[in-house]
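Everything below concerns the one structure shown next.
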2 protein chains.
Amino acid sequence: MTTEIEIKPTESELEILQILWEKKRCTVRDVHEVLTQNREAGYTTTLKLMQIMHEKGLVARDTSSKTHIYKALVNQQRTQQHLVSRMINNVFNGSASRMVMQALGNHKASKEELDAIKQYLDDLSNK
Amino acid sequence: MTTEIEIKPTESELEILQILWEKKRCTVRDVHEVLTQNREAGYTTTLKLMQIMHEKGLVARDTSSKTHIYKALVNQQRTQQHLVSRMINNVFNGSASRMVMQALGNHKASKEELDAIKQYLDDLSNK
DNA sequence: ATAAATCTACGAATGTATTCGTACAATGCA
DNA sequence: TGCATTGTACGAATACATTCGTAGATTTAT
């Protein structure tokens, strides 16, 4: 039996995690700059969020120089996995396929994406 | 341009919505009974939640008799759609196909489900 | 008719997310 | 050197979700 870990980043934390997953090592300012491309936010707000994420163990930070360097501690795949599973249960009564169809019906994937998914499905079937 | 509506039920509200989507017309007790099959909750807690949902316009209620009758006001499809889209953006950087693969890789769909999805994909391609 | 059960309304406590102001230290530059 | 800039720490305000106790009305059963 594996140890149960609660992976439950808030929405703001997820925004930041996505940036950290992308860019590996970031200062608060790095993150803040990306964040404010989309929406308004004060610098100390971003700072505070990242400090809280550190308390929670979502990120690690290197404090050896004045400007701290952050990186994600939680695994991208595992986190995504966890969140998708929760949504399947919470919103789709446990039916993965229903969610998949809902996602594809709406979100207009490109032909390449659709082909990739088909390929993936074939691989799954032949295992 | 369509009117922008914020669909953002909380987790508890989603639990209740799922019950209402399933059973159409419910009393608080009906909902409460289903709810407490899984977890602990006081009756007035469920009541309060449903009252708040009413304030928010998530549900309608018939108060003509002492025991009120509730039904969902928000559409199941639309709500699911909205939540899936948000997750794709929040967690998968906007890539629907990534989420789909994550969902299928984990949540072990049955052969029937996989076939249904393939069929669905073919239909999408041929449109 | 009276007591028990069932229901709604309401307020309050608790927990957590989010936002930002202020203080103060370190750094960079004129 | 002295001032502006950039950074962290911290506390506090606000908002919202969640939980439940209590009061009072209505219904049901004895």
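Protein chains get the first letters and strands the later ones, always in sequence-line order, with residue 1 at the start of each. Here the structure is a predicted model, which is why all the values come from computation and not from measurement.
Nearest heavy-atom pair, B:E13 versus B:K8, reported as atom, atom and distance to 0.1 Å: OE1-O, 4.4 Å. Between B:G94 and B:N89, the closest heavy-atom pair is CA-OD1, 3.6 Å.
Mapping B:T44 and B:L49 onto DNA chain D by nearest heavy atom places B:L49 closer to the 5' end of the strand. Map A:E40 and A:K66 each onto its nearest nucleotide of DNA chain C; the residue landing nearer the 5' end is A:E40. For the pair B:V28 and B:K48, nearest-nucleotide mapping onto DNA chain C gives the more 5' position to B:V28.
Atom CD1 of A:I16 is separated from atom C1' of C:dT18 by 11 Å (rounded to the nearest Å). Straight-line distance from the CD1 atom of B:I69 to the C1' atom of C:dT8: 14 Å, rounded to whole Å. To the nearest angstrom, P of C:dT6 lies 10 Å from CD of B:E33. When the P atom of C:dT6 is taken as reference, atom NE2 of B:H68 falls 17 Å away, rounded to whole Å. If you take CG of B:L47 and P of C:dC10, they are 11 Å apart, rounded to a whole angstrom. Atom CE of A:M50 and atom P of C:dT18 are 15 Å apart (whole Å).
Between B:Y43 and the phosphate of C:dT8, there is a side-chain N or O to OP1/OP2 separation shorter than 4.0 Å. Phosphate proximity of C:dT8 to B:T67: absent, as no side-chain N or O sits under 4.0 Å from OP1 or OP2. The phosphate of C:dC7 (OP1 or OP2) has a side-chain N or O of B:R29 nearer than 4.0 angstrom. Side-chain N/O atoms of A:S12 include one lying less than 4.0 angstrom from OP1 or OP2 on C:dT18.
For the pair B:M87/B:L83, no side-chain contact is recorded, criterion being any heavy-atom separation below 4.5 Å from C-beta on.
In this structure, B:T10 reaches the sugar-phosphate backbone alone: every heavy-atom distance under 4.0 Å involves primed, P, OP1 or OP2 atoms, never a base.
Of the candidates C:dA12, C:dT8, C:dT27, the closest approach to any side-chain atom of B:Q51 belongs to C:dT8.
Taking a 6.0 Å sphere around CZ of B:R61, one finds it holds more than 12 heavy atoms contributed by other residues, nucleotides or ligands.
Proximity of a side-chain donor or acceptor of A:Q18 to a complementary backbone N or O of B:N93 within less than 3.5 Å is detected.
Atom OH of A:Y43 and atom OG1 of A:T36 lie 11.5 Å apart (nearest 0.5 Å).
Screening B:H32, B:E15, B:Q51, B:E33 for a side chain to side chain contact (heavy atoms under 4.5 Å, CB included) with B:T46, the sole residue that qualifies is B:H32.
Here the range on DNA chain D touched by chain B, meaning any atom under 4.0 Å from one of its heavy atoms, is D:dA17 to D:dT27.
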